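The structure displayed is predicted, hence computed values, not measured ones.
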Amino acid sequence: MLNFTKFERINPEKRDVLQRLKDYDEVYQVFGKHRAREQSDRCMQCGDPYCHTGCPLHNFIPAWLKQTAEKNMDLAFALSNETSPFPEILGRICPQDVLCEGACSLNTGHGAVSIGAVETHLNERAFEAGMKPKFAPIKGDKKVAIIGSGPSGISAATFLLRRGIAVEMFEREDRAGGLLMYGIPGFKLDKTTVDRRINWLLEAGMKLHLNCEIGKDKTISELDEEFDAIYLGIGAKAGRWARIDGEDTPNTYLAMDFLTCIQKRNLGNKPSCFIDVKDKNVVVIGGGDTAMDCVRSSVREGAKSVKCLYRRDEANMPGSKKEVVNSKEEGVEFVFNVSPNKIIQKDGQAVGIELLTTSMSEPDESGRQKVVINEGSEYVEDADIIIFALGFSPEAPEFLKELNVDINSWGGIETINYQTSNKKVYAGGDCQRGAHLAVTAAADGREAAKEIVKALS
């Protein structure tokens, strides 16, 4: 260990940009054995590891890095899966630069350990060797219903099954995975990786009900009667508009509608509302990872031009920095410090968007800068397709009222230790905390599962 002065930080290799633009295959290649051990050997094995506290799951990062460096794959795999429901997925999609790697003690001088890449490597190599996550046999007659099959729901199911509690999952879409299946493009996460985890849950005894919308295909009263506890992992899929004139034109769209249609087509379905951007001038409004997913998908769909408009400067972009780099490599143009003012229309179609330039204020006590609109700075960007990627709000399905589950002013489900106002019902992930990361949703699912186990014991 302690070889951070001998080996420099190395990122996973990326496929050639001209090749990767032809498909939706994953961009990053998985580390080989030598590279993974070398990068793991850079870890200083801090007595108080900031990477551990910087991870929402509080993964045992130094421990499995040490075992990877020492070629003990069995123990590295066990440690990696002990705290995480799907480490090989989070190794691919987490913004490590602002979480574990951002907190790494080497980050300020020698370059952080390539934690995410090693996490993906050690799990994929373990799977190739025939290893699988372990679950306890189903015991007792207690049953938990999980509504939603996204990161939070999968995590809750994983940790409940590990304790031998029967689980049934209800998903309104035709495939399980939620955000992991339909919200994240294949160039970041191959969907066979998601299917593999779902299949292991099924092997462990979970029952999965697809195309089953609660309140429509099955009543909430039936779930209340049949199950000892209910976990709500319904996410936050309601997209946000900019609330400007002209948003109701036919060629303006929300990000998740655009991404979901593409993924369904890529999986062999025929979405009824496919959004065709081929040979079009595409403008995406927003600066987070979802905006990057939209611009990178647009390039792959053959758009004539793709621009990302963001109201702050590049330093204040909220998403992962590597996604901005990848977008630029793939031909996306960024326009910073602009705020949408209204949609320009012609014959009932959007033909452009009027923008106002912005400036950044002096930092406040927290270091955050506010956006200041520069009055009188209007100008127009031409556009054939406008996509809004401005974040998401929780949905509040009608069955919450039937369950007597309280929601707050912004539509989030109120909880205390993941338990709602209905003591039989628990919630976690985006529907409870607001739109956030897959890893925080996974952490919520794990902790909620612990509370459910306590209640049912």
Side-chain angles (χ1 to χ4, degrees), residues 17-18 20-22 24 27 183-185 187-188 239-262 274-346 349-360 371 373-374 377-392:
V17 66
L18 295 179
R20 72 193 198 220
L21 288 178
K22 297 177 181 178
Y24 280 84
V27 167
I184 297 176
F187 52 75
K188 290 168 65 176
R240 296 174 184 164
W241 296 95
R243 297 182 180 179
I244 57 176
D245 290 343
E247 288 179 336
D248 56 349
T249 52
N251 51 332
T252 58
Y253 304 96
L254 291 172
M256 196 53 64
D257 295 335
F258 177 59
L259 295 173
T260 298
C261 285
I262 291 175
F274 186 76
I275 301 167
D276 187 4
V277 301
K278 184 175 175 59
D279 298 324
K280 304 287 181 61
N281 295 309
V282 178
V283 165
V284 176
I285 302 170
D289 283 350
T290 300
M292 300 308 102
D293 293 343
C294 289
V295 295
R296 298 181 67 194
S297 294
S298 296
V299 173
R300 285 164 173 76
E301 290 297 309
K304 181 179 180 181
S305 69
V306 182
K307 290 184 179 180
C308 178
L309 313 181
Y310 183 53
R311 63 185 186 138
R312 298 177 182 271
D313 55 22
E314 185 169 0
N316 282 280
M317 293 188 79
S320 176
K321 300 299 182 283
K322 67 181 181 181
E323 290 305 304
V324 177
V325 171
N326 289 334
S327 298
K328 289 180 178 179
E329 289 177 352
E330 294 169 5
V332 175
E333 180 181 347
F334 285 81
V335 182
F336 296 107
N337 293 111
V338 292
S339 180
N341 193 41
K342 67 180 179 180
I343 304 296
I344 305 300
Q345 303 177 57
K346 181 179 180 181
Q349 295 281 316
V351 295
I353 182 166
E354 183 179 275
L355 303 164
L356 289 162
T357 65
T358 67
S359 302
M360 304 304 296
V371 174
I373 301 294
N374 299 325
S377 61
E378 298 91 339
Y379 79 97
V380 175
E381 287 279 2
D382 294 335
D384 302 312
I385 298 286
I386 300 171
I387 300 171
F388 290 92
L390 299 175
F392 305 93

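Here the straight-line distance linking atom CZ of Arg300 with atom CG of Leu21 works out to 5.5 Å at 0.5 Å rounding. Rounded to the nearest 0.5 Å, atoms CD1 (Ile386) and CD1 (Ile285) are 6.0 Å apart. With rounding to the nearest 0.5 Å, the separation of CE in Met256 from CZ in Arg240 is 12.0 Å. Rounded to the nearest 0.5 Å, atoms CD (Glu381) and CD1 (Ile344) are 11.5 Å apart.
Using a 4.5 Å heavy-atom cutoff, the side chains of Leu254 and Trp241 are in contact. In this structure, Ile387 and Ile275 have side chains that are not in contact, with every pair of non-hydrogen atoms separated by 4.5 Å or more.
With sequence neighbours excluded, the residues that form a salt bridge (charged side-chain N to carboxylate O under 4.0 Å, His left out) with Arg20 are Glu329, Glu330. Listed by chain and residue number, Thr249, Tyr253, Gln349, Ala350, Ile385 satisfy the side chain to side chain contact (heavy atoms under 4.5 Å, CB included) test with Asn251 (two or more places apart in sequence, or in another chain). Among residues two or more places apart in sequence or in another chain, the side chain to side chain contact (heavy atoms under 4.5 Å, CB included) test is passed with Thr357 by Asn374, Ser377, Tyr379. Remark: Ala291 engages Val284, Ala389 in a side chain to side chain contact (heavy atoms under 4.5 Å, CB included) (not counting sequence neighbours).
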key: Stepwise side-chain contact (heavy atoms from CB on, under 4.5 Å) test for Asn281 and Asp382   = CA-CA 7 Å; Asn281 295 309; Asp382 294 335; 5.5 Å; no
message = Please evaluate residues Phe187 and Asn326 with respect to the criterion side-chain contact (heavy atoms from CB on, under 4.5 Å), reporting the C-alpha separation (whole Å), side-chain torsions for both, the decisive distance (0.1 Å), and the verdict.
response = CA-CA 11 Å; Phe187 52 75; Asn326 289 334; over 6 Å; no
Please set out all donor-acceptor pairs under 3.5 angstrom arising from side-chain atoms of residues 332-341, sequence neighbours excluded.
| residue | atom | partner | partner atom | Å |
| --- | --- | --- | --- | --- |
| Asn337 | ND2 | Thr358 | OG1 | 3.4 |
| Asn341 | ND2 | Glu354 | OE2 | 2.6 |

List the atom pairs, donor and acceptor, that lie under 3.5 Å between side-chain atoms in residues 315-323 and the rest of the protein, sequence neighbours left out.
| residue | atom | partner | partner atom | Å |
| --- | --- | --- | --- | --- |
| Asn316 | ND2 | Asp313 | OD1 | 2.6 |
| Asn316 | ND2 | Gln369 | OE1 | 3.4 |
| Glu323 | OE1 | Arg296 | NH1 | 2.6 |

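Nearest heavy atoms, Cys308 versus Val295: CB-CG1, 4.0 Å. When all heavy atoms are compared, the tightest approach of Phe258 to Val277 is CE1-CG1, 3.8 Å. The shortest non-hydrogen separation linking Val282 to Ser298 is CG1-OG, 3.7 Å. Closest heavy-atom contact between Leu390 and Gly286: CD2-CA, 4.1 Å. Taking both residues in full, the closest heavy atoms of Phe392 and Gly239 are given as CD2-CA, 4.0 Å, listed atom of the first, atom of the second, then distance. Heavy atoms only, all atoms of each residue included: Gly183 and Leu259 are closest at O-CD1, 3.6 Å.
Sorted by first and then second residue, the ring-ring contact (aromatic ring centres under 6.0 Å, His included) pairs with a member in residues 292-325 form an empty list; sequence neighbours excluded. Identified under the salt bridge (charged side-chain N to carboxylate O under 4.0 Å, His left out) test for residues 277-294, with sequence neighbours left out: Lys188-Asp293. Contacts classified as salt bridge (charged side-chain N to carboxylate O under 4.0 Å, His left out) and involving residues 246-259 (residues at least two apart or in different chains) are not found.
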